[in-house]
Protein chains: 4
Amino acid sequence: MNATEEKARRSIGARRNPASAEAILDAAEAVLHEAGYSGFSIEAVARRARAGKPTIYRWWPSKAALLIEVYQRQKRDIVYADTGNIEEDLFQFLRSLFGSWRDTPAGNIFRSLIAEAQFDAAAAEALADYARGRRAYTGKLVERAIDRGEVARGVDPSQIADMVSSYAWTHLLTGRLDESEDKLRAAVGAIVNGIKV
Amino acid sequence: MNATEEKARRSIGARRNPASAEAILDAAEAVLHEAGYSGFSIEAVARRARAGKPTIYRWWPSKAALLIEVYQRQKRDIVYADTGNIEEDLFQFLRSLFGSWRDTPAGNIFRSLIAEAQFDAAAAEALADYARGRRAYTGKLVERAIDRGEVARGVDPSQIADMVSSYAWTHLLTGRLDESEDKLRAAVGAIVNGIKV
Amino acid sequence: MNATEEKARRSIGARRNPASAEAILDAAEAVLHEAGYSGFSIEAVARRARAGKPTIYRWWPSKAALLIEVYQRQKRDIVYADTGNIEEDLFQFLRSLFGSWRDTPAGNIFRSLIAEAQFDAAAAEALADYARGRRAYTGKLVERAIDRGEVARGVDPSQIADMVSSYAWTHLLTGRLDESEDKLRAAVGAIVNGIKV
Amino acid sequence: MNATEEKARRSIGARRNPASAEAILDAAEAVLHEAGYSGFSIEAVARRARAGKPTIYRWWPSKAALLIEVYQRQKRDIVYADTGNIEEDLFQFLRSLFGSWRDTPAGNIFRSLIAEAQFDAAAAEALADYARGRRAYTGKLVERAIDRGEVARGVDPSQIADMVSSYAWTHLLTGRLDESEDKLRAAVGAIVNGIKV
DNA sequence: ACCTAAGCGAGACGGTACGTCTCGTCTTGCG
DNA sequence: CGCAAGACGAGACGTACCGTCTCGCTTAGGT
């Protein structure tokens with residue numbers, strides 16, 4: 001998190017300078033940590049990173065894009081277990097995700113990102129793109145279960161992923177990341193087994 | 001929703017002018033409907049209400065406070081059908097909720113409140129209270145189904161409500177309120193019947 | 001020229017604050033003097049005046065407008081003599097103008113303004129307006145001479161003024177403000193008496 | 001004026017590439033013509049010439065240097081008629097000059113050079129040299145008239161030339177190149193015949 | 001025939017200034 | 001004393017250029 005570079009970085013020719021990219025991401029993280037989302041401006045990041053604003057805009061078209069990258073760098077590795085049991089796979093995924101959001105800055109960053117997307121169209125698009133990708137990824141868990149014959153063929157994997165991540169998002173947004181494991185298991189169980197008698 | 005006053009209101013002396021307060025709330029609602037959260041600034045509301053900014057600041061110390069009051073004024077005529085079939089009940093609830101959020105200011109107001117709640121503690125509390133209430137209320141649908149013997153005894157009604165409303169919130173926040181009825185039925189179906197083969 | 005205010009100025013309500021206007025003009029003058037035209041930016045003026053940029057833009061729609069007002073404040077009173085002799089009147093006007101441009105910052109300010117007008121449309125218009133006014137004013141000398149019967153009736157006063165001020169502008173722009181009185185008299189003489197045998 | 005090269009130029013080794021130099025000057029001229037001085041940036045010229053910025057900076061250390069060279073390349077086919085009548089000669093000169101400035105890049109180039117000369121010493125010197133030459137040249141019209149006995153002996157030809165070109169410069173700088181022929185004749189008439197009754 | 005030196009296009013870099021926007025505060029004068 | 005009005009200092013927004021830098025290439029001329 002070497003945010004205060006001792007020497008000015010110079011151009012390294014007509015190619016992206018990785019040192020600048022890293023300094024910017026470091027600075028973004030530091031600004032978010034120290035000033036919170038309300039103090040998070042491109043100007044502040046540029047100042048802190050000793051970078052020009054255009055350099056930031058060149059590589060991150062919106063505040064949201066920068067936030068997403070900071071978020072991804074920050075986020076602790078999420079478990080995508082393959083236990084041969086869809087219920088267990090989804091539970092471990094949720095538990096891992098809640099833990100990461102609880103214990104690292106990632107949760108707050110993602111909350112900021114969702115808020116940002118509510119009034120910035122570019123942020124909304126960036127977030128939608130990201131969420132689509134995550135749903136596809138999480139959907140793989142369900143696909144595997146379908147291939148195993150564990151889950152019915154007609155089920156749409158990305159829709160189940162949508163359900164699971166919606167549950168996670170909403171708990172993040174309303175400060176309920178401390179649900180017990182039983183609760184998480186029950187939530188997953190409802191989806192997997194249904195609630196009918 | 002008489003937002004565009006044709007005549008300037010005059011002071012009524014050294015007392016709060018209810019007409020101004022109402023005009024401000026009307027204007028806030030209209031602005032949220034027409035320009036969304038991104039266009040929702042104190043300046044814009046003051047302009048629309050033909051009110052001075054200090055008048056707004058005098059009575060609502062923050063954007064969040066104004067949002068909360070606007071949102072509480074909103075009547076929500078969501079259908080809570082009782083068809084005797086939990087799947088149909090939940091589907092109609094979701095369809096009605098999505099429609100309301102799509103076609104009235106309610107959607108934008110709620111989105112804005114969620115966003116605001118991510119950095120304003122008062123808004124966060126108001127939102128949490130509200131969400132709790134909604135879960136309890138929606139949970140009644142499930143309780144009825146349990147009483148009917150349609151749903152298993154062990155199921156936690158408010159958790160199912162959580163799942164359903166999470167799905168709705170996330171779609172609101174990511175601009176996916178135009179899901180087809182089939183999609184909504186499929187989502188409800190997954191919860192009610194499970195996805196196992 | 002109290003440019004560095006010791007105390008922050010405060011709003012004085014919904015009216016223009018003369019203290020701010022003065023501070024801005026003082027700052028503009030100081031910046032022009034210290035950094036020259038190339039260092040003259042709205043940002044620099046705002047910084048120096050401890051004023052917000054919008055405050056400057058509110059009252060001076062362009063850099064040129066600000067330059068014009070600074071110029072007008074600066075310029076030493078130009079002599080508009082009324083000797084009863086058009087030749088003498090014009091000569092004294094020119095001598096006075098050249099002197100003012102030579103001995104005060106006014107010359108440099110006006111040069112800056114003309115340069116600015118070459119790439120800023122707003123500046124061009126402001127300059128054109130100003131020049132039109134000056135021509136009309138200077139034209140009065142000729143009008144008086146016409147009324148006296150000294151000058152032919154068909155002569156267009158503003159065109160003669162145009163000729164005289166063109167002569168002055170060009171000498172300003174090419175660094176020839178040190179013309180001898182004889183030269184000035186000869187120039188005026190050519191216009192007034194013609195050059196024919 | 002083959003400004004839009006269809007093919008990329010190739011390097012010709014470790015020597016200045018005349019094709020690039022020419023393309024840059026062509027581009028500079030085209031940019032000045034189309035966008036005027038305000039659109040005249042090194043970036044714009046480089047873009048238009050498909051040249052790298054360092055290539056321009058290598059050979060022309062400043063905007064002024066580039067301007068001067070562009071301006072010197074400009075051929076000026078100004079009419080120096082010899083009708084045997086000084087008034088007609090000067091009128092045709094002015095009309096021709098105004099037309100050239102209006103219809104070719106020359107006007108914008110010259111305007112730009114004058115503007116640039118207000119803060120760049122090299123440009124100022126180049127401009128002063130040029131102006132001196134032009135005055136001498138235009139003065140020849142007056143000399144001829146003196147020789148013909150049409151104009152008084154004591155008149156300084158270069159001063160009359162100064163007057164005439166000042167009139168032209170000022171009209172160029174204030175966007176008044178569309179003066180009617182009557183106005184031009186009146187201006188010339190004032191100088192030649194005087195304005196006295 | 002190889003090697004080196006320099007010019008070339010491209011474009012990223014840290015900066016500065018642009019003109020616009022909204023923030024929350026302040027003061028006026030009317031009612 | 002509340003109100004509409006709107007000016008104020010502050011500072012972020014996203015864009016345009018500035019002048020510098022480095023890259024990878026191309027080719028001429030010296031060896």
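Chain identifiers are assigned alphabetically (A, B, ...) following the order of the sequence lines, protein sequences preceding nucleic acid strands; residue numbering begins at 1 within each chain. No hydrogens, no waters, no symmetry mates; every other heavy atom, side chains included, goes into these values.
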Practice prompt. Please figure out whether B:R58 or D:Y57 has its closest DNA chain F nucleotide nearer the 5' end.
Written response: B:R58

Worksheet item: Does A:T55 make a side-chain N or O approach to OP1 or OP2 of E:dA12 shorter than 4.0 Å?
Response: no

Discussion item. For a 4.5 angstrom cut-off between non-hydrogen side-chain atoms, does D:I56 reach D:W60?
Written reply: yes

Worksheet item: Under 4.0 Å between a side-chain N/O of A:R50 and OP1 or OP2 of E:dG15, yes or no?
Response: yes

Discussion item. Salt bridge or not between C:R48 and C:E29? Use side-chain N to carboxylate O under 4.0 Å.
Written reply: no

Worksheet item: Atom CZ of D:R48 and atom P of E:dA10: how far apart are they, to the nearest Å?
Response: 15 Å

Worksheet item: Quick one: the side chain of A:K53 and the base of E:dG15, do they pair up donor-acceptor inside 3.5 Å?
Response: no

Discussion item. Donor-acceptor check, side chain of C:T55 to backbone of C:A51, threshold 3.5 angstrom: yes or no?
Written reply: no

Response to the item:
In short, A:R50 meets A:R9 closest at the heavy-atom pair O-NH2, 3.3 Å

Response to the item:
A:E22 atom CD is separated from E:dC13 atom P, nearest whole Å, by 14 Å

Practice prompt. Could you tell me whether the phosphate oxygens of F:dA4, OP1 or OP2, come under 4.0 Å of any side-chain nitrogen or oxygen in B:S20?
Written response: yes

Worksheet item: Rounded to the nearest Å, what distance is computed from the OH atom of residue D:Y37 to the P atom of nucleotide F:dC17?
Response: 14 Å

Worksheet item: Among residues 114-125 of chain C, which contact DNA chain E at a heavy-atom distance under 4.0 Å?
Response: none

Worksheet entry | Spacing of CD belonging to C:Q74 relative to CG belonging to C:L25, to within rounding of 0.5 Å | 11.0 Å

Fill in: D:I56 CD1 to E:dA10 C1', straight-line distance once rounded to whole Å
13 Å

Discussion item. Nearest heavy atom decides the nucleotide; on that basis, is C:P18 or D:A44 closer to the 5' end of DNA chain F?
Written reply: C:P18

Practice prompt. May I ask you to verify if any side-chain N or O of A:W59 is less than 4.0 angstrom from the OP1 or OP2 atom of E:dC13?
Written response: yes

Item to complete: With DNA chain E as reference, determine whether D:A51 or B:P54 sits nearer its 5' end, using the nearest nucleotide of each.
Response: D:A51

Worksheet item: Rounded to the nearest 0.5 Å, how far apart are CG of B:D120 and CG of B:L127?
Response: 11.0 Å

Item to complete: Rounded to the nearest angstrom, tell me the gap between atom CD1 in C:I24 and atom P in F:dA7.
Response: 13 Å

Worksheet item: Atom CD1 in C:I114, atom CD1 in C:I109: separation rounded to 0.5 Å?
Response: 12.5 Å

Discussion item. Between A:R15 and F:dG24, is there a contact of a side-chain N or O with OP1 or OP2 at under 4.0 Å?
Written reply: no

Response to the item:
note: B:L66, atom CG; E:dG24, atom C1'; distance rounded to Å ~ 15 Å

Discussion item. What I want to check is whether the side chains of B:Y37 and B:E116 have a donor and an acceptor closer together than 3.5 Å.
Written reply: yes

Discussion item. Please report the distance, rounded to the nearest Å, between CG in A:N17 and P in F:dC23.
Written reply: 11 Å

Worksheet item: Between F:dG6, E:dC21, F:dG14, which nucleotide gets closest to the side-chain atoms of A:E43?
Response: F:dG14

Fill in: Spacing of B:R47 atom CZ relative to F:dG6 atom P, expressed in whole Å
12 Å

Practice prompt. Check every atom of E:dC18, F:dC13, E:dT27 against the side chain of C:S41 and return the nucleotide holding the closest atom.
Written response: E:dC18

